[in-house]
2 protein chains.
Amino acid sequence: MDMDAVFRALADKSRRSLLDRLFGKNGQTLGELTEGLAMSRQAVSKHLAILEDANLVAAHRRGREKLHYLNPVPIAEIAVRWIGKYEHAQVEALLSLKDHLEKPE
Amino acid sequence: MDMDAVFRALADKSRRSLLDRLFGKNGQTLGELTEGLAMSRQAVSKHLAILEDANLVAAHRRGREKLHYLNPVPIAEIAVRWIGKYEHAQVEALLSLKDHLEKPE
DNA sequence: GTTATAGGCAACCATCTGGTTGCATGTCAA
DNA sequence: TTGACATGCAACCAGATGGTTGCCTATAAC
C-alpha cells in the first residue's frame, strides 16, 4: 500500500468531507456528491480522483453515472501500521482483543 | 484540537520521517535531526515548526540548543476521533479494553 | 575578547495544489 | 434523432508548499 498517497489524500479537508459523505451514504454519483458544496463539479471530480488513486474510494460506471464507494481499508491499515508505531504497547494489546473478537473460538 | 493542522502536518513524508527519528530518540536538537538528511538545516527547521504548530512536537531551549520532543497525543486523538468514524464497532470495543488496561481495578 | 557553534529570520524560487472555465463525449429519453 | 443529462478532458490561474541561500543573533569555549 502506498501510505504516502493515503496521507496526502487525507490532508485536505474537502476530501475528508467527501469521505464523510460517502460514509453517510455509500454509492453516490459525482453530481450527488457535488450538491450543496461551494465547489464546482470538476473540483469534486479531481478530489475523487485523488481519493481513488489512494484507494480510499472505489468507483464504477452505471450507464452515464459513476458510483463512488468508500473503502475504509487504507485508513485501518494506517491505524495499525503507522499509528501503531506511536501507540505500540496499547495497539498490541488492542489488536490481540481484535483478533479475539474476530475469531471467538 | 486542530485536526486539520495535524493531518496537513502528517501529509509530508519528510515530516513523518522526523517524527520517526524522534520516536527512535527523543529530545534531539535541530542539528542532530538534520544529520544524514539530504536537506538543509533551515528546511528541517521549517518542518519542525509545522510539527510544533500541529502540536506533534514540543521543544524548549537549553542554552544555545533547542531540544525537540515527540508528542504522540494528537496522533492518538485522530485515531480515536476520526478513524473511529470508519472503524466504529472495532474502535469502541478496543477502547473499552484500553480503559480496562489503564484502570485495572 | 575572539572565535566557533546552534539556531533564527527573510528573501527568493520552482513546483505542487486546488480551484476555475470551456468544450467534448457518452448515454438516456422523447 | 434530437435534446438533455452525467461525466471527462484540457488549459489556465492564484496561492500554498518545500526547498534554497545569505546574513543575523545568541551562547559556549578557548
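Every chain is numbered from 1, with letters handed out A, B, ... down the list of sequences.
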Spacing between [X] atom [atom1] and [N] atom [atom2], to the nearest angstrom:
X: L51(B); N: dG18(D); atom1: CG; atom2: P; answer: 11 Å
X: K66(B); N: dA28(D); atom1: NZ; atom2: P; answer: 16 Å
X: L30(B); N: dC9(C); atom1: CG; atom2: P; answer: 12 Å
X: L18(B); N: dG18(D); atom1: CG; atom2: P; answer: 12 Å
X: E32(B); N: dT5(C); atom1: CD; atom2: P; answer: 16 Å
X: D4(A); N: dG18(D); atom1: CG; atom2: C1'; answer: 14 Å
X: L48(A); N: dT7(D); atom1: CG; atom2: P; answer: 10 Å
X: L67(B); N: dG8(C); atom1: CG; atom2: P; answer: 11 Å

Please determine if a side-chain N or O atom of [X] lies less than 4.0 Å away from the OP1 or OP2 oxygen of [N].
X: R8(A); N: dC16(C); result: no
X: S45(B); N: dG8(C); result: yes
X: R41(B); N: dG8(C); result: no
X: K46(B); N: dG19(D); result: no
X: S40(B); N: dT20(D); result: yes
X: K13(B); N: dG18(D); result: no

Are any of the side-chain nitrogens in K25(B) or E32(B) under 4.0 Å away from the carboxylate oxygens of its partner?
-> yes
Please answer whether the main-chain N or O of [Y] pairs with a side-chain N or O of [X] as donor and acceptor at a distance below 3.5 Å.
X: N26(B); Y: L70(B); answer: yes
X: H68(B); Y: A59(B); answer: no
X: Q28(B); Y: L67(B); answer: no

Listed nucleotide nearest any side-chain atom of Q42(B), set dA10(C), dT5(C), dC23(C) |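 Nearest to the side-chain atoms of Q42(B), counting from C-beta on, is dA10(C).
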Which nucleotide in the set dA4(D), dG18(C), dT20(D) lies at the smallest distance from any side-chain heavy atom of A43(B)?
->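 Closest nucleotide to the A43(B) side chain: dT20(D).
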Take V44(A) and R62(A), find for each the nucleotide of DNA chain C with the closest heavy atom, and name the residue whose nucleotide sits nearer the 5' end.
->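 It is V44(A), whose closest nucleotide lies nearer the 5' terminus.
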Would you kindly check whether a donor in the side chain of R64(A) faces an acceptor in the base of dT7(D), or vice versa, at under 3.5 angstrom?
->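 When only heavy-atom distances are counted, R64(A) does not reach the base of dT7(D) through any donor-acceptor pair under 3.5 Å.
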Taking atom CZ of R61(B) as the centre, report whether more than 12 heavy atoms of other residues, nucleotides or ligands fall under 6.0 Å from it.
-> yes
With DNA chain D as reference, determine whether E65(A) or R15(B) sits nearer its 5' end, using the nearest nucleotide of each.
->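 Here E65(A) is the residue nearer the 5' end.
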